[in-house]
Amino acid sequence: MTAPPRVLTVAGSDSGGGAGIQADLKTMLALGTHGMSVVTAVTAQNSVGVQGFWELPVEAVRAQYRSVVDDIGVQAVKTGMLASAALVETVAELIAGTDAPSVVDPVGVSKHGDSLLAASALDSVRSKLLPAATVATPNLDEVAQLTGVEVTSEDGLRRAADAVLAYGPQWVLIKGGHLRGDAVDLLTDGSEEHVLRAPRHDNRHTHGTGCTLASAIASQLAKGQSVPEAVMAAKEYVTGAIAEGFALGGGIGPVDHGWRFR
Ligand SMILES: Nc1ncnc2c1ncn2[C@@H]1O[C@H](COP(=O)(O)OP(=O)(O)OP(=O)(O)O)[C@@H](O)[C@H]1O
Ligand SMILES: Cc1ncc(COP(=O)(O)O)c(N)n1
């Protein structure tokens, strides 16, 4: 048997299974790739919030990464929750030294408003992590936190993209999921521009959308697609997963990673 394309997620564990490492690995399976993981932090989390989290030591993150990359190898890397400045800097250095495209989801705050990144790590995200990204995928809250640019309508997406590109990622995908109307995202490398538009699904069970989208992009890149092709395919996958998001627990349920199998 030929091995499927190999994709690595560097992110936090979500005990509820909707976001983080768990969302990433399910997405990778659904898109036909072999998912591998470097755990950066363990969260105690469910449908109503994040009850606590514990970071792993920098050495544990570095060791997991080396174990995977030095033996198995990777065709794309995705980063998610990195928790602290020390972990952001370590992971930025690791991905910059890896010969594979990287998708950086600069996770700041969970859907419930719980912080997953120390305020003291923002400078390292700007100066070390974003420059190492092939594609950065901030949502509008993360754009505001990182660049100070506030966007309240589709017209502002380009301004947000320019502000993030100034930190050096090759491409940026600004996610407009928190606006009203259609779910519109903007992908650009500063010269080429693609507007990705999907109908908004009136479904509150959207836990894990950002993790799912970034992992889907990484999976498509590992299969050899270009950045625009990978992002378009990933947008189609996440839109279907949001349409089928289901209730679990008393709060916000997860998107359905397995929607294409049902
Ligand atoms: N209700 C919805 N219907 C359709 N698409 C949506 C909806 N909400 C978000 N999206 C899309 O989902 C993707 C993720 O965007 P979003 O802005 O939710 O990211 P995020 O805030 O990082 O996610 P998360 O909440 O997991 O952190 C984007 O492509 C966005 O347009
Ligand atoms: C470990 C981990 N990583 C990322 C998110 C963001 O996802 P969401 O915004 O859907 O809560 C999360 N809640 N937990």
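In listed order, ligands and their atoms are each counted from 1.
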Does T33 offer a backbone N or O that forms a donor-acceptor pair with the side chain of S219 under 3.5 Å?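 No, S219 side chain to T33 backbone: no donor-acceptor pair under 3.5 Å.
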Between E59 and R66, is the salt bridge (Lys or Arg N to Asp or Glu O under 4.0 Å) condition met? List the steps. CA-CA 10 Å; E59 308 80 69; R66 290 266 63 97; over 6 Å; no
List ligand 2's nitrogen or oxygen atoms that come under 3.5 Å of a protein nitrogen or oxygen, with the partner atom and distance.
{"unit_1": "ligand 2", "atom_1": "9 (O)", "unit_2": "K111", "atom_2": "N", "d": "3.0"}
{"unit_1": "ligand 2", "atom_1": "10 (O)", "unit_2": "H207", "atom_2": "ND1", "d": "3.3"}
{"unit_1": "ligand 2", "atom_1": "10 (O)", "unit_2": "G208", "atom_2": "N", "d": "2.7"}
{"unit_1": "ligand 2", "atom_1": "11 (O)", "unit_2": "K111", "atom_2": "N", "d": "3.0"}
{"unit_1": "ligand 2", "atom_1": "11 (O)", "unit_2": "H207", "atom_2": "ND1", "d": "3.3"}
{"unit_1": "ligand 2", "atom_1": "13 (N)", "unit_2": "Q45", "atom_2": "OE1", "d": "2.7"}
{"unit_1": "ligand 2", "atom_1": "14 (N)", "unit_2": "Q45", "atom_2": "NE2", "d": "3.2"}

Passing option when T9 is tested against T27, D24, T40 for side chain to side chain donor-acceptor pair (under 3.5 Å):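 Considering T27, D24, T40, a side chain to side chain donor-acceptor pair (under 3.5 Å) with T9 is found only for D24.
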Non-hydrogen side-chain atoms of L56 and V42 separated by less than 4.5 Å: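 Yes, close enough: below the 4.5 Å cut-off.
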Enumerate the side chain to side chain donor-acceptor pair (under 3.5 Å) contacts for residues 128-137, please, sequence neighbours excluded, ordered by first and then second residue.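 Found D105-T137.
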Listing request: all side chain to side chain donor-acceptor pair (under 3.5 Å) pairs with a residue in residues 226-252, at least two apart in sequence or in separate chains.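 Output for this query lists D185-K235, S226-E229.
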Matching residue for L186 among V195, V172, L173 - test: side-chain contact (heavy atoms from CB on, under 4.5 Å):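 It is V195; the other options fail the test.
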Considering the options Q45, Q22, M81, which one meets the side-chain contact (heavy atoms from CB on, under 4.5 Å) requirement together with S13?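 Between S13 and the candidates, side-chain contact (heavy atoms from CB on, under 4.5 Å) is satisfied uniquely by Q22.
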Ionic contact status for R126 with D123, cut-off 4.0 Å: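 A salt bridge links D123 with R126.
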Kindly print each ligand 1 N/O atom paired with any protein N/O atom under 3.5 angstrom away, one pair per line, or none if nothing qualifies.
{"unit_1": "ligand 1", "atom_1": "1 (N)", "unit_2": "H201", "atom_2": "O", "d": "3.0"}
{"unit_1": "ligand 1", "atom_1": "3 (N)", "unit_2": "H201", "atom_2": "N", "d": "2.9"}
{"unit_1": "ligand 1", "atom_1": "17 (O)", "unit_2": "G177", "atom_2": "N", "d": "3.3"}
{"unit_1": "ligand 1", "atom_1": "18 (O)", "unit_2": "T209", "atom_2": "OG1", "d": "3.0"}
{"unit_1": "ligand 1", "atom_1": "21 (O)", "unit_2": "N139", "atom_2": "ND2", "d": "2.9"}
{"unit_1": "ligand 1", "atom_1": "21 (O)", "unit_2": "H178", "atom_2": "NE2", "d": "2.7"}
{"unit_1": "ligand 1", "atom_1": "22 (O)", "unit_2": "N139", "atom_2": "ND2", "d": "3.3"}
{"unit_1": "ligand 1", "atom_1": "22 (O)", "unit_2": "K175", "atom_2": "NZ", "d": "2.7"}
{"unit_1": "ligand 1", "atom_1": "23 (O)", "unit_2": "T209", "atom_2": "OG1", "d": "2.8"}
{"unit_1": "ligand 1", "atom_1": "23 (O)", "unit_2": "G210", "atom_2": "N", "d": "3.0"}
{"unit_1": "ligand 1", "atom_1": "25 (O)", "unit_2": "K111", "atom_2": "NZ", "d": "2.4"}
{"unit_1": "ligand 1", "atom_1": "26 (O)", "unit_2": "T209", "atom_2": "N", "d": "3.1"}
{"unit_1": "ligand 1", "atom_1": "26 (O)", "unit_2": "T209", "atom_2": "OG1", "d": "3.2"}
{"unit_1": "ligand 1", "atom_1": "26 (O)", "unit_2": "G210", "atom_2": "N", "d": "2.8"}
{"unit_1": "ligand 1", "atom_1": "29 (O)", "unit_2": "D185", "atom_2": "OD2", "d": "2.5"}
{"unit_1": "ligand 1", "atom_1": "29 (O)", "unit_2": "K235", "atom_2": "NZ", "d": "3.1"}
{"unit_1": "ligand 1", "atom_1": "31 (O)", "unit_2": "D185", "atom_2": "OD1", "d": "2.8"}
{"unit_1": "ligand 1", "atom_1": "31 (O)", "unit_2": "K235", "atom_2": "NZ", "d": "3.0"}

